[in-house]
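Heads up, the thing below is written out as structure tokens.
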Amino acid sequence: MTGFVVFHYNIIDRSRIDELGPLSMPIAEKYGAEILVASPVKPLEGKTYSHMVIYRLESFEAALNFYHCDEMKELSKLRDQIIQGISMVLPGHSETDAVVKSGYFSQPL
């Protein structure tokens, strides 16, 4: 079982982008989140944001807990000043059917 937290974004304040990594790492470590991707993005087709960060956690539930934890909520205040884009929590392939059947994807934000 695996869950993912994905941030796909454009940098809107380049002078402050280096603040996010050092602040997010202790939170990721506390919740067992492993960074799989932290990179600029070069689209092969279509339009996209310029950067992406992907965290892997032990389960979809763990990914939800990480994304919604108090520390990440606090960090989001700073993050929203520095980057603009989308964030999402996704189940790993083995959990997708259960998450779909739970109605998670049909619930309003």
Side-chain angles (χ1 to χ4, degrees):
M1 299 193 322
T2 308
F4 300 92
V5 175
V6 178
F7 295 95
H8 193 38
Y9 59 91
N10 289 326
I11 300 170
I12 56 176
D13 187 346
R14 289 200 178 275
S15 69
R16 299 181 66 201
I17 191 65
D18 291 336
E19 295 177 38
L20 290 178
L23 294 173
S24 65
M25 289 310 299
I27 304 167
E29 289 174 10
K30 178 180 176 181
Y31 287 87
E34 174 190 4
I35 294 179
L36 295 181
V37 174
S39 176
V41 175
K42 180 179 178 179
L44 300 176
E45 293 183 34
K47 295 180 181 181
T48 188
Y49 294 103
S50 63
H51 289 75
M52 185 176 289
V53 173
I54 302 174
Y55 293 92
R56 178 174 59 196
L57 291 98
E58 66 184 25
S59 67
F60 180 67
E61 184 177 341
L64 283 172
N65 289 337
F66 170 61
Y67 182 80
H68 292 293
C69 74
D70 291 339
E71 298 94 332
M72 288 295 277
K73 286 179 187 174
E74 187 63 31
L75 183 60
S76 73
K77 296 173 188 173
L78 175 64
R79 189 175 61 233
D80 290 347
Q81 296 172 20
I82 299 172
I83 65 173
Q84 182 178 40
I86 60 172
S87 57
M88 59 199 97
V89 178
L90 303 168
H93 182 66
S94 66
E95 288 190 78
T96 299
D97 282 344
V99 174
V100 169
K101 288 176 183 173
S102 76
Y104 172 81
F105 290 107
S106 60
Q107 297 170 4
L109 296 176

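Scope of the values below: all heavy atoms of this structure, side chains included, with no hydrogens, waters or symmetry mates.
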Taking every non-hydrogen atom, the tightest pair across [X] and [Y]:
| X | Y | value |
| --- | --- | --- |
| V5 | A63 | CG2-O, 3.5 Å |
| N10 | S50 | OD1-N, 2.8 Å |
| P26 | L23 | CD-O, 3.5 Å |
| S59 | A62 | OG-N, 3.0 Å |

Scan for ring-ring contact (aromatic ring centres under 6.0 Å, His included) pairs involving residues 58-78, sequence neighbours excluded, and state none if there are none.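 Pairs touching residues 58-78 that pass the test: Y55-F66, F60-Y104.
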Contact list for residues 16-53, test ring-ring contact (aromatic ring centres under 6.0 Å, His included), sequence neighbours left out: H8-Y49, Y9-H51
With heavy-atom distances below 4.5 Å as the criterion, would you say the side chains of L20 and I83 are in contact? yes
Is E19 atom CD crowded by more than 12 heavy atoms from other residues, nucleotides or ligands, each under 6.0 Å away?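 Result for CD/E19: enclosed.
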Within a radius of less than 6.0 Å around CD of E71, do more than 12 heavy atoms belonging to other residues, nucleotides or ligands occur? yes
List for me each residue that meets side chain to side chain contact (heavy atoms under 4.5 Å, CB included) alongside [X], sequence neighbours excluded, and say none if there are none.
| X | answer |
| --- | --- |
| S76 | R79 |
| E74 | K77 |
| Q84 | I12 |

Starting from M1, walk the hydrophobic network (Ile, Leu, Val, Met, Phe, Trp, Tyr; side-chain heavy atoms closer than 4.5 Å) and list everyone else you reach, by chain and number. none
